[in-house]
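We number each residue from 1, following the sequence as shown.
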Amino acid sequence: ISACLVGSEMCKETDLVDSEGLPIDQASIVPHASMPAMPMQPQHVGVRSLGQGVYLAWVDFSMAGDWKIDITARANGFAPAQQSIQLTVL
């Protein structure tokens, strides 16, 4: 994703699998959206499990600019995993 519109939502579908490629269900997925150039109030962020290790995370952007979204996944028996996405909201 390279650009989004202000007032729109960005959705990111993430597959969570173990080292053998098997899906991990019932994980805790915690996204955090921030603007590195300025402090902002927390944005509305949501996550929904679609099953089979697939999770959908979305963010409502309230302002144009460069954003960073950090997504942390935790599941019993596994080390936490983290993914970061950087994008520009127009």
Side-chain angles (χ1 to χ4, degrees):
I1 295 174
S2 58
C4 293
L5 298 174
V6 172
S8 68
E9 288 186 338
M10 186 279 298
C11 295
K12 169 70 174 144
E13 190 173 293
T14 301
D15 295 326
L16 191 58
V17 297
D18 66 14
S19 61
E20 296 178 4
L22 298 173
I24 300 173
D25 284 324
Q26 299 179 348
S28 169
I29 309 295
V30 180
H32 176 75
S34 63
M35 291 187 82
M38 67 177 20
M40 295 285 298
Q41 293 292 325
Q43 300 298 295
H44 175 71
V45 180
V47 176
R48 187 174 85 206
S49 173
L50 302 178
Q52 299 297 312
V54 178
Y55 297 85
L56 182 67
W58 64 91
V59 178
D60 288 327
F61 295 105
S62 60
M63 179 178 218
D66 293 327
W67 287 83
K68 181 179 179 189
I69 302 169
D70 296 313
I71 302 170
T72 302
R74 291 182 174 84
N76 288 336
F78 297 94
Q82 193 168 36
Q83 179 180 13
S84 294
I85 302 165
Q86 295 194 32
L87 59 113
T88 301
V89 174
L90 304 175

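Clustering ILVMFWY residues whenever any of their side-chain heavy atoms sit less than 4.5 angstrom apart, transitively, puts Val30 in a cluster other than the one holding Ile24. By the criterion of side-chain heavy atoms lying less than 4.5 angstrom apart, applied directly or through intervening Ile, Leu, Val, Met, Phe, Trp or Tyr residues, Leu22 is not grouped with Phe78; the two fall into different hydrophobic clusters.
Of all heavy-atom pairs spanning Ala64 and Met35, the tightest one is O-CE, 3.5 Å. Of all the heavy atoms in Ala33 and Val59, the pair that sits closest is CB-CG1, 3.9 Å.
The shortest side-chain heavy-atom distance between Val45 and His32 does not fall under the 4.5 Å cut-off. Inter-residue side-chain proximity for Asp66 and Gln86 is flagged as unmet; no heavy-atom pair is nearer than 4.5 Å. Side chains of Ile69 and Leu87 form a contact here, defined as non-hydrogen atoms less than 4.5 Å apart.
When atom types are taken as modelled, the side chain of Tyr55 and the backbone of Ala27 share a donor-acceptor pair closer than 3.5 angstrom.
For Gln52, the CD atom sits in a loose shell: 12 or fewer heavy atoms of surrounding residues, nucleotides or ligands are nearer than 6.0 Å. With a 6.0 Å radius and a threshold of 12 heavy atoms from other residues, nucleotides or ligands, Gln82 has its CD atom above the threshold.
To the nearest 0.5 angstrom, Ile29 atom CD1 is 11.0 Å from Leu56 atom CG.
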